[in-house]
Trainee: 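Just passing along the structure, written as structure tokens.
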Amino acid sequence: MRDCRMLIGGEWREAASGATFESINPFTGKAWARVPRAAAEDVDHAVRAARVAFMSPAWRGLNATQRGKLLTKLGDLVARDADALAELETRDNGKLINEMRAQLRYMPEWFRYFGGLADKIEGRVIPIDRPGMFNYTLEEPLGVVAAITPWNSPLMLGAWKLAPALAAGNTFVWKPSEYTSVSALEFGKLIEEAGIPPGVVNIVTGYGHEIGEALVGHELVAKVAFTGGDATGAAVYQTAARGIKPVTLELGGKSANIVFADADFDNAVKGVVSGIFAATGQTCVAGSRALVQRPIYEKFLEAFVAFAKTARMGDPLDTATQVGPITTEPQYRKVLDYIGIAKQEGARCVLGGGPAKRSECGAGLFVEPTVFADVTPSMRIAQEEVFGPVLAVIPFEDEEEAIRIANGSIYGLAAGVWTKDIARCLKMAGRLEAGTIWINTYRVSSYLSPFGGYKRSGFGRESGLLAIREYLQEKSVWIDASGETPNPFVTR
Ligand code: NDP
């Protein structure tokens, strides 16, 4: 058993109450780490430490170039430890070691990019319309940022918030998911090693329902950055609203992966498979609705099922494994419930359709890669986020119908389009209501490109140049250079 501590004000601490909880390895089903179970009191310590750090000369006294260099250093340390961090993530969330390694090896780029951006944030001089007046703007940090992240990509989703927040000069309190706290705490050691002053980054662990509100609602928290489900996001938004705090919300999705008859068939099959079975479907951008044009519908289903059947399940730490376990027990039950619902609704199950009991699945909570055909757009399996390896396949006639079905969702996180027709590419990119459109590809992202949702998938953007704006506020400064203050009783 590994014993972990929280990072608060530069100190490694237990919860004030001494309470802990266990982190379970989803493949073995066994507890492998003990993590502090913070209460509101610990959250208060962390937020106050972040506020003290925000006001301290050790942080405020750094110029933007110096802040940027700290982030670059942090990126280098992540690069050094990427594989070790990836292994912790796999133990915590059961995602494939190959995927976590790829994520962690790429993650330094967020720190390098926003580190480089730190000293390129400039105010403006406004050509003001009042004689003798000088008006300019300052771009200032907000203060303490509270970040809350889910279990599916624990460090990466933290980095997407941390890098721009620190580049902008804020300080940070991070609550990772209760299921995946270990990698965040290990990452905290790199924060120290990079020389980031104590209290600038604090990491509190615990249950969202116990400490989430204390964190979001804390009077000294100036901004909230949240990734998770839309129901939790709505609760976070409401709490933040009481304190009039800006919020970014990266929420769930029910993304459509649309295959036209003119698409490169084999590429489309691979793209739709990776859209839904990568990360065992536990990804916000899962292409969980495949919309397939009628002329190729049956042929596509056949090829898709044949290819999906080849997926090797098993230990996520084994580099040969292609589909891992479901991360949590509640999520496992939810996925199986949705499979039951789809069957009741009359969807045709053409692959999987239940728990995976293969010998290579060990004690893990595995679900067979599952495909429902002949789904209609109003079925729950076509409308609600499952967050598991379950694909709903819906036939369509033409572009207009594909657009109508794809947009007929409360969500709008991403969409995929498979076609060789360039005019159609442009039309679909313009008409689909989603924050990311992938054409003849799926599930690619970069530190350089904005990521975020339309509709109930949230608002605010992470990554890319403008993401830093989510962590800044603009101040307008007026100087009367005329040397003469007018008589206030005389209207000018
Ligand atoms: P949840 O919404 O359940 O949890 C997300 C985070 O919120 C966790 O840290 C959780 O803590 C915390 N939390 C729970 N209750 C509260 C509360 N009342 N106040 C404040 N925080 C709280 O999501 P999951 O962890 O189950 O992750 C899956 C969801 O995340 C999916 O819907 C998925 O689509 C979405 N997601 C979105 C992404 C995006 O970028 N759009 C990326 C990845 C995932 P605890 O774990 O302790 O409950």
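Residues take their numbers from the sequence shown, with the count starting at 1. As a basis for the values below, the full set of heavy atoms in this structure was taken, side chains included, without hydrogen atoms, waters or symmetry mates. Every number for a ligand or one of its atoms is a count from 1 in the order of the listing.
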Trainee: Less than 3.5 Å apart, any donor N or O on the side chain of Q383 or S409 sitting next to an acceptor on the other?
Mentor: no
Trainee: Atom NZ of residue position K30 - does it have more than 12 heavy atoms of other residues, nucleotides or ligands inside 6.0 Å?
Mentor: no
Trainee: Can you name the one residue among F114, Y113, Y106 that meets ring pair (Phe, Tyr, Trp, His ring centres under 6.0 Å) with W110?
Mentor: Y106
Trainee: Show the short N or O contacts, below 3.5 Å, that ligand 1 makes with protein N or O atoms; if there are none, say 'none'.
Mentor:
from, atom 1, to, atom 2, distance (Å)
ligand 1, 2 (O), G229, N, 2.8
ligand 1, 2 (O), T232, OG1, 2.7
ligand 1, 9 (O), T149, O, 2.7
ligand 1, 9 (O), K175, NZ, 3.3
ligand 1, 11 (O), K175, NZ, 3.1
ligand 1, 23 (O), G229, N, 3.4
ligand 1, 25 (O), W151, NE1, 3.2
ligand 1, 26 (O), W151, NE1, 3.2
ligand 1, 30 (O), G228, O, 3.4
ligand 1, 30 (O), G229, N, 3.4
ligand 1, 32 (O), E385, OE1, 2.7
ligand 1, 34 (O), E385, OE1, 3.4
ligand 1, 34 (O), E385, OE2, 2.6
ligand 1, 41 (N), L251, N, 3.3
ligand 1, 41 (N), L251, O, 2.6
ligand 1, 46 (O), S177, OG, 3.0
ligand 1, 46 (O), E178, N, 3.0
ligand 1, 47 (O), K175, NZ, 3.3
ligand 1, 47 (O), E178, N, 3.4
ligand 1, 47 (O), E178, OE1, 2.5
ligand 1, 47 (O), G206, O, 3.4
ligand 1, 47 (O), G208, N, 2.8
ligand 1, 48 (O), E178, OE1, 3.1

Trainee: With side chains defined as the heavy atoms from C-beta onward, is the minimum distance between E433 and K455 less than 4.5 Å?
Mentor: yes
Trainee: Please confirm whether W151 and F387 have ring centers closer than 6.0 angstrom.
Mentor: yes
Trainee: Could you tabulate the donor-acceptor pairs under 3.5 Å formed by side-chain atoms of residues 230-243, not counting sequence neighbours?
Mentor:
from, atom 1, to, atom 2, distance (Å)
D230, OD1, Y411, OH, 3.4
D230, OD2, Y411, OH, 3.0
D230, OD2, R456, NE, 2.7
T239, OG1, A235, O, 3.1
R242, NH2, E213, OE2, 2.9

